[in-house]
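Residue numbers begin at 1 in each chain, while the letters A, B, ... track the order of the sequences.
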Amino acid sequence: AQKITQTQPGMFVQEKEAVTLDCTYDTSDPSYGLFWYKQPSSGEMIFLIYQGSYDQQNATEGRYSLNFQKARKSANLVISASQLGDSAMYFCAMREGYNTDKLIFGTGTRLQVFP
Amino acid sequence: GAGVSQTPSNKVTEKGKYVELRCDPISGHTALYWYRQSLGQGPEFLIYFQGTGAADDSGLPNDRFFAVRPEGSVSTLKIQRTERGDSAVYLCASSPGVAGGPYEQYFGPGTRLTVT
């Protein structure tokens, strides 16, 4: 089974609007961390936001927020007030447990912001 | 400060040859990771170092792949007898903390390997 599932291969959003990128995960470990990364066409991976499995509140970082629904095993990324520079690939990733730091990535969602 | 650097940025090699890819992590970061990203896919974990030792090498696809980090800083990913299926972008990342922490991984620009 896929550990990280991103069902939206591509999304479009108009500038200044909000957009939600979906991510579901699968783990039996009670301790895990969820990450979102942005990968522009230049190729570098840019960290956006982190949510720990025991965190009581949803994570927020500027225009990025993570809609964490633990019972549903979903960790959707919400980008508010989209900007043209937000156009990129977005990857959801998970770290399982405390004994390893390896990240398991989804297949990504390509976001395109139009004027 | 300087980020994670990787050399070379591009490498073209013939099938069967040996290649080395180098990663220079952020100074002071104890953890170092190698991932491989094929076209249209997310990064796939290869190996993770904590200090000089490989803490998790479960992602190395076979014994043609080997990585070292002898002094706990620079790491080299070595691929023997390259195959066309090894063509991908090889990403290196580093992080400051111990396993299980909320530490993001800082990625380098990657090395694009093409095996002809």
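- Of all the listed residues (Gln51(A), Gln39(A), Met45(A), Glu44(A)), the one sharing the greatest number of non-hydrogen pairs under 4.5 Å with chain B is Met45(A).
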Could you go through Glu104(B) and Ser95(B), starting from their C-alpha distance and side-chain angles, then the distance that decides it, and tell me whether this counts as side-chain hydrogen bond (donor to acceptor under 3.5 Å, both in side chains)? CA-CA 6 Å; Glu104(B) 67 265 30; Ser95(B) 76; over 6 Å; no
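- Counting heavy atoms from C-beta on, the side chains of Arg95(A) and Asp101(A) come closer than 4.5 Å.
- For the atom pair OH (Tyr25(A)) and CD (Glu96(A)), the distance works out to 11.0 Å, reported to the nearest 0.5 Å.
- When the heavy atoms of residues 102-115 of chain A are compared with those of chain B, the residues falling under 4.5 Å are Lys102(A), Leu103(A), Phe105(A), Gly106(A), Thr107(A), listed by number.
- When all heavy atoms of Ile4(A) and Ala93(A) are compared, the closest pair comes out as CD1-C, 4.1 Å.
- For chain A, no part of Ile47(B) is nearby; none of its heavy atoms comes within less than 4.5 Å.
- For the residue pair Ser94(B) and Val4(B), the shortest heavy atom distance occurs at OG-CG2, 3.5 Å.
- Within residues 11-21 of chain A, no residue approaches chain B closer than 4.5 Å by heavy atoms.
- No donor-acceptor pair closer than 3.5 Å links the side chain of Glu20(B) to the backbone N or O of Thr76(B).
- Residues Cys92(A) and Thr5(A) form no side-chain contact, since every pair of their non-hydrogen atoms from C-beta on lies 4.5 Å or further apart.
- Contact annotation: the side chain of Cys23(A) approaches that of Trp36(A) to within less than 4.5 Å [non-hydrogen atoms, C-beta and beyond].
- Closest of all the heavy-atom pairs between Val68(B) and Ser75(B) is O-OG, 2.9 Å.
- Side chains of Arg64(B) and Asp86(B) form a contact here, defined as non-hydrogen atoms less than 4.5 Å apart.
- Neither the backbone nor the side chain of Gln6(A) comes within contact range of chain B, judged by heavy atoms closer than 4.5 Å.
- Counting heavy-atom pairs closer than 4.5 Å to chain A, the top-ranked of the candidates Gly59(B), Gly42(B), Ser58(B) is Gly42(B).
- Side-chain contact between Arg36(B) and Trp34(B) is absent, with no heavy-atom pair separated by less than 4.5 Å.
- Note that OG1 of Thr114(B) and CG of Asn10(B) are 7.0 Å apart. Values are rounded to the nearest 0.5 Å.
- Remark: Thr82(B) OG1 to Phe65(B) CZ distance equals 9.0 Å, nearest 0.5 Å.
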For Met94(A) and Asp26(A), run side chain to side chain contact (heavy atoms under 4.5 Å, CB included): C-alpha distance rounded to whole Å, both residues' side-chain angles, the deciding distance at 0.1 Å, then the answer. CA-CA 9 Å; Met94(A) 176 174 66; Asp26(A) 182 26; over 6 Å; no
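- Rounding to the nearest 0.5 angstrom, the gap separating the CZ atom in Arg69(B) from the OG1 atom in Thr52(B) is 8.5 Å.
- When heavy atoms are compared at a cutoff of 4.5 Å, Tyr32(A) does not approach chain B at all.
- Across every non-hydrogen atom of Gly52(A) and Asp55(A), the tightest pair is N-OD2, 2.7 Å.
- For the atom pair CD1 of Ile79(B) and CG of Asn62(B), the computed distance is 9.5 Å after rounding to the nearest 0.5 Å.
- Contacts with chain A (heavy atom to heavy atom, under 4.5 Å) involve these residues of residues 105-113 of chain B, listed by number: Gln105(B), Phe107(B).
- Among residues 63-76 of chain A, no residue has any heavy atom closer than 4.5 Å to a heavy atom of chain B.
- Nearest heavy-atom pair, Pro96(B) versus Thr30(B), reported as atom, atom and distance to 0.1 Å: O-OG1, 3.6 Å.
- Lys17(B) contributes atom NZ, which lies 14.0 Å from atom CD of Gln80(B) (distance to the nearest 0.5 angstrom).
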